[in-house]
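Excluded from the calculations below are hydrogen atoms, water molecules and symmetry mates; all remaining heavy atoms, backbone and side chain alike, are included.
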Amino acid sequence: MSSPPIVTRFAPSPTGYLHIGGARTALFNWLFARGRGGKFLLRIEDTDRERSTPEATAAILQGLTWLGLDWDGEAVSQFDQRHRHAQVAHEMLDRGTAYRCFSTQDEIAAFRAAQEAAGVSYAVFQSPWRDADPATHPDAPYAIRMKAPRTGETKINDTVQGIVTVRNDQLDDMIVLRSDGNPTYMLAVVVDDHDMGVTHVIRGDDHLNNAARQQMVYDAMDWAIPVWAHIPLIHGPDGKKLSKRHGATAVGDYQAQGYPAAGMRNYLTRLGWAQGDAELFTTDQAKEMFGLEGIGRSPARLDFKKLESTCGWHLARTDDAALLHEIDAYLAAANRPALTVAQRDLLLRAMYCVKDRAKTFPELIDKAQFALTSRPIDIDEAAGKALDDVSRGILKELTLRLQNASWTKEELESILTEVATAHGIGFGKLAAPLRAALAGRSATPSVYDMMLVIGLDETIARLQDAAA
RNA sequence: GGCCCGUUCGUCUAUCGGUUAGGACACCAGGUUUUCAACCUGGGAAGAGGGGUUCGACUCCCCUACGGGCUGCCA
């Protein structure tokens with residue numbers, strides 16, 4: 001309790017939908033902060049004006065909201081901080097840790113081309129302005145470059161990856177402020193993380209190399225370096241980098257496919273993180289358990305079967321009213337027609353006998369089809385086979401017996417058993433035509449549950465329809 | 001090309017020098033059951049390859065292979 005409060009952040013660039021990998025990064029940051037009484041901040045990295053769109057920002061916020069990853073305060077626009085970034089760049093200039101570079105992009109391209117022609121596969125660009133006398137500065141646009149050390153090495157002390165050493169001669173004098181006066185990502189992240197008081201930077205390991213350059217900025221400004229935690233990326237089922245051809249990569253896709261958010265959180269938490277044999281847990285438990293020590297070092301692949309299985313576990317444990325609300329949201333996200341008031345009521349009543357049989361919302365709705373549908377019942381081919389003249393006769397008799405039944409499972413059980421026995425058939429022989437009459441299908445919840453859910457009148461009506 | 005990171009059952013992973021290498025999903029078999037699902041029991045299934053270090057390596061070191069990332073006035 002005497003340790004400084006933890007501040008984490010999720011900093012996506014609004015150039016597209018919220019990626020499943022980004023969602024997991026956000027989740028790790030959220031779990032870490034929330035489990036330790038810290039803050040979880042959101043910053044939109046929109047310094048690339050060409051590619052950033054408000055639609056993408058909205059999609060990201062929506063995705064995080066659906067996943068239940070709430071952030072503290074308002075989402076910060078990185079672009080809005082540009083004057084502060086420029087100010088820091090100039091302060092670096094004053095400190096002598098940065099310099100004005102008048103090389104044009106054509107000159108830089110020519111330099112690289114010449115290097116390549118000379119057989120040098122790659123060489124860092126060395127600006128001729130690095131040590132130029134300010135008196136020789138032309139009156140022309142310039143970029144501000146970091147004056148990075150050219151010898152020695154930079155060590156990143158990463159919680160996940162260990163100590164990673166990068167040779168300084170591999171790094172160029174990165175541009176911190178573009179010639180148009182706008183900051184680059186490298187500068188902006190560092191300034192914002194510092195200004196926002198971020199203590200733990202948990203992000204994809206595609207930034208691992210960048211951390212070395214960013215650390216130079218921290219050093220140049222004499223700022224405290226945050227705790228680094230670079231987590232491995234998520235790959236598709238084939239082990240390749242996740243891309244559109246793997247199917248769902250946007251979290252919105254998962255919502256539209258009807259995966260419950262709680263299951264997504266659980267599954268995503270276990271993707272690249274583990275604590276012993278813990279597999280299935282609530283979000284509160286996850287907050288308790290989650291820690292940087294449990295993060296793995298190798299990339300993980302998506303496994304939809306396991307996702308579904310995890311979701312099924314959560315579906316069965318969510319209370320009925322909450323499930324109904326989630327289903328409403330799912331229907332809207334999937335562009336499916338909303339439930340009527342009557343259907344919502346029926347679904348709520350059917351919930352107990354379908355929720356532990358389904359893994360996703362569409363599956364749950366399908367299993368509750370007997371309750372949501374209305375007469376006349378559409379009887380499919382497989383179910384229809386159970387409806388022959390003999391079984392119709394039995395259903396007629398059953399209808400009479402049911403007229404005055406008290407609608408309890410016990411009584412229904414005894415009536416059905418009596419009817420079956422009277423005709424010298426097994427219960428299964430009676431259940432098949434009953435299922436056909438009640439649901440029009442051969443695979444349904446228990447016939448008792450269906451009758452209890454739809455009620456006496458509707459049961460009688462459906463039986464009469466089928467027996468006719 | 002250069003640099004950085006990674007590699008345990010099909011998949012997610014446990015293991016932090018000594019284990020019959022454990023769990024979960026998936027798969028297979030059986031059970032339960034009015035159908036389907038759920039559920040229960042059981043089964044097969046792994047240390048990329050090669051060198052070291054060590055009494056002893058999945059664990060530590062090196063090489064190779066494979067995968068990924070970075071190498072921009074993108075983020």
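In the interface, the side chain of A:N210 is paired with the base of B:A75 through a donor and an acceptor atom under 3.5 Å apart. Contact annotation: side chain of A:S446 to base of B:U34, donor-acceptor pair present below 3.5 Å. Counting atom types as modelled, A:S179 pairs a side-chain N or O with a base atom of B:C73 as donor and acceptor under 3.5 Å. For A:D205 against B:G69, no side-chain N or O and base N or O form a donor-acceptor pair under 3.5 Å. Side-chain to base pairing of A:R301 with B:C12: no donor and acceptor N or O lie closer than 3.5 Å to each other. In the interface, the side chain of A:K306 is not paired with the base of B:A26 through any donor and acceptor atom under 3.5 Å apart. Judged by atom type and distance alone, A:E279 reaches the base of B:G23 through a side-chain donor-acceptor pair under 3.5 Å. Judged by atom type and distance alone, A:R435 reaches the base of B:U34 through a side-chain donor-acceptor pair under 3.5 Å.
If you take atom C1' in B:U11 and the same atom in B:G50, they sit 27 Å apart, rounded to whole Å. Separating the C1' atom of B:C58 from that of B:U15 is a span of 8 Å, rounded to the nearest Å.
Of the side-chain N and O atoms in A:T47, one or more sit less than 4.0 angstrom from OP1 or OP2 of B:A75.
Under 4.0 Å is where a charged nitrogen must lie from a carboxylate oxygen, and between A:D131 and A:K147 at least one such pair does.
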